[in-house]
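Below is one structure, written out as structure tokens, with a few remarks after it.
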Amino acid sequence: MKKHYYEQVYELVKEIPFGRVCTYGIIADYLSLGSARMVGYALNKCNSLGKEVPAHRVVNRQGYLSGRNAFDAPGMMKALLNAEGIKVKKDTVVDFKKLLWYPEEL
DNA sequence: TAGTTGACGACGG
DNA sequence: TCCGTCGCCAACT
């Protein structure tokens, strides 16, 4: 049984350290998905499937919370990030570049 | 089976 | 530098 590509996405997203964030593009590139949209699709699925994946730590390449609408509550993603000490202003991660995490750090 | 959609990103004007 | 357009590829209807 071959793992679906999104299973790999889940595994990688789970590796994102507490208080750090990552981008769709980085994940897509690391897993050779060919398209960042695949990551968003995968996370969208995992959310509906009730998977324990910290999807709130994944944002687009500008640090914008483009996925907040896919959460149960619009403000949930921001609240979760705040709980980790990540500041969010106008749906965008503050000091995004400093908090950015790369899979290569594993 | 074919067309549409999507939590994005790169590129050109 | 900012905005609009196109490409990406798998899942869903």
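A note on names: the letters A, B, ... follow the listed sequences, proteins ahead of strands, and every chain is numbered from 1.
In this pair, A:Tyr6 and A:His4 present their aromatic rings parallel. The plane angle is below 30°, not in the 30 to 60° band.
Summarising the geometry of A:Ala28 relative to A:Ala36, their closest heavy-atom pair is CB-CA, 3.6 Å, with the distance given to 0.1 Å. The two residues A:Leu100 and A:Cys22 make their nearest non-hydrogen contact at CD1-CA, 3.9 Å. Across A:Phe96 and A:Gly63, no two heavy atoms sit closer than the pair CD1-CA, 3.5 Å.
Checked by atom type and distance alone, the side chain of A:Arg68 pairs as donor or acceptor with a backbone atom of A:Leu65 at under 3.5 Å. A:Asn47 contributes a side-chain N or O that, together with a main-chain N or O of A:Ala70, makes up a donor-acceptor pair within less than 3.5 Å. With hydrogens and angles disregarded, no donor-acceptor distance shorter than 3.5 Å links the side chain of A:Tyr10 to the backbone of A:Lys51. A distance-only check finds a donor-acceptor pair linking the side chain of A:Asn82 to the backbone of A:Lys78 [under 3.5 Å].
A chain of hydrophobic side-chain contacts below 4.5 Å, direct or via other Ile, Leu, Val, Met, Phe, Trp or Tyr residues, connects A:Ile16 to A:Tyr24. In this structure, A:Val58 is a member of the same hydrophobic cluster as A:Tyr5, with clusters built from ILVMFWY side-chain heavy atoms closer than 4.5 Å.
Shown for residues 13-20 of chain A: no residue has heavy atoms falling under 4.0 angstrom of DNA chain C.
The distance from atom CG of A:Asp29 to atom P of C:dC8 is 16 Å, rounded to the nearest whole Å.
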- prompt: How is the base pairing of DNA chain B summarised as a dot-bracket string, given the Watson-Crick and G-U wobble criteria with both distances under 3.5 Å, [ ] for crossing and | for another strand?
  reply: .|||||.||||||
task: Classify every nucleotide of nucleotides 5-13 of chain B by which part a protein heavy atom approaches to under 4.0 Å, writing B for the base, S for the sugar-phosphate alone and - for neither, in 5'-to-3' order.
output: -BBBSS---
